[in-house]
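Data block below; observations after.
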Amino acid sequence: MYILNINKLVKALQAGTITGKQKKRYQITFWVLVALTVFSLPGVYNPSSMNGYDVIDLILFFIINMIAIYLLVGIYKKRMRKELDFFLPFFGLLIPLFLRNSLWTILLTIIGSIYIVLFAPYHSLEDTNIIDVSINAIVEIVMNIMFVHYFKKIYN
């Protein structure tokens, strides 16, 4: 599995050198990551604990990802490489991009928390929730831009 080097993954997908065993690993890893993502959403366990900013964050998450999936399907339909399927590149790319997304979210959350503690200790909880929503939206948009970029590389 190519987890850290996305360019090698792209080349392997273009060349068709991913084995059946590797395909199974990508599929299993993909579904584990999907399960972890869904179970981490606050509405899954206790919807009443969600505040307005959690709802906005969840809506943005779905909108950003639906737009990205729409773009990915459009790239797939216009592909020059007809022998490639949709799901293996989707599963394969999602894993390293998800890991990068997670690291960026953690890093930006730490920076945002340091900012709040050092420069805005008297900000309300509402202000800090705005920072959280902004961080999550920015990271999600960047991840999906990278997704579209690598998808184009694979199919063209």
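Start at 1 with the first residue, then count along the sequence. Computed over heavy atoms, backbone and side chain alike; hydrogens, waters and symmetry mates excluded.
Between Leu84 and Arg79, the closest heavy-atom pair is O-NE, 3.4 Å. Closest approach of Ala137 to Ile64, counting heavy atoms only: O-CD1, 4.0 Å. Taking both residues in full, the closest heavy atoms of Asn7 and Lys153 are given as OD1-NZ, 3.3 Å, listed atom of the first, atom of the second, then distance. Closest heavy-atom contact between Leu72 and Val148: CD2-CA, 3.9 Å. Here the closest heavy-atom approach between residue Leu93 and residue Leu9 is recorded as N-CD2, 3.9 Å.
The CD atom of Gln27 lies 6.0 Å from the NZ atom of Lys24; values are rounded to the nearest 0.5 Å. Here the CZ-CD1 distance, from Arg100 to Ile3, works out to 12.0 Å after rounding to the nearest 0.5 Å. Atom CD1 of Ile138 is separated from atom OG1 of Thr105 by 10.5 Å, given to the nearest 0.5 angstrom. Note: Asn136 CG to Ile56 CD1 = 12.5 Å, rounded to the nearest 0.5 Å.
Taken together through direct or relayed side-chain contacts under 4.5 Å among Ile, Leu, Val, Met, Phe, Trp and Tyr, Phe61 and Val34 form part of one hydrophobic cluster. Under the 4.5 Å side-chain heavy-atom criterion for ILVMFWY residues, a single connected hydrophobic cluster contains both Ile110 and Val139. Following chains of ILVMFWY side-chain contacts shorter than 4.5 Å, one can reach Leu118 starting from Ile135, so the two form part of one hydrophobic cluster. Under the 4.5 Å side-chain heavy-atom criterion for Ile, Leu, Val, Met, Phe, Trp and Tyr, Phe62 and Ile69 are members of the same hydrophobic cluster. One hydrophobic cluster, built from ILVMFWY side chains closer than 4.5 Å, cannot hold both Val117 and Ile106; they sit in different ones.
Side-chain contact between Tyr155 and Pro89 is present, with heavy atoms from C-beta onward closer than 4.5 Å. Considering only heavy atoms from C-beta on, Phe151 comes within 4.5 Å of Phe86 through its side chain. Between Leu71 and Phe147 there is no side-chain heavy-atom pair separated by less than 4.5 Å. Two residues are said to be in side-chain contact when any heavy atoms from C-beta on lie closer than 4.5 Å; Arg25 and Ile28 fail this criterion. Taking 4.5 Å as the limit, some side-chain heavy atom of Leu94 sits within range of a side-chain heavy atom of Met143.
Under the rule for a ring-ring contact (aromatic ring centres under 6.0 Å, His included), Tyr150 has no partner lying at least two apart in sequence or in another chain. Residues that satisfy the ring-ring contact (aromatic ring centres under 6.0 Å, His included) test with Phe30, not counting sequence neighbours, are Phe90, Phe91. For Leu88, the side chain to side chain contact (heavy atoms under 4.5 Å, CB included) partners two or more places apart in sequence, or in a different chain, are Leu13, Ile18, Lys23, Tyr26, Asp85. Residues meeting the side chain to side chain contact (heavy atoms under 4.5 Å, CB included) test with Lys11, sequence neighbours left out: Gln14. Scored by the side chain to side chain contact (heavy atoms under 4.5 Å, CB included) test, Lys78 finds no partners at all (sequence neighbours excluded). By the side chain to side chain contact (heavy atoms under 4.5 Å, CB included) test, Phe98 pairs with Leu33, Thr37, Ser102, sequence neighbours left out.
With hydrogens and angles ignored, the 3.5 Å screen pairs no side-chain donor or acceptor of Asp57 with any backbone N or O of Tyr53. Counting only distance, with no hydrogens or angles, the side chain of Asn144 and the backbone of Glu140 share a donor-acceptor pair below 3.5 Å.
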request  = Might you work through the side-chain contact (heavy atoms from CB on, under 4.5 Å) test for Thr19 and Gln22, ending with a clear yes or no?
outcome  = CA-CA 5 Å; Thr19 65; Gln22 288 174 317; 3.3 Å; yes

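Heavy-atom contacts from other residues, nucleotides or ligands closer than 6.0 Å to CG of Leu4 number 12 or fewer.
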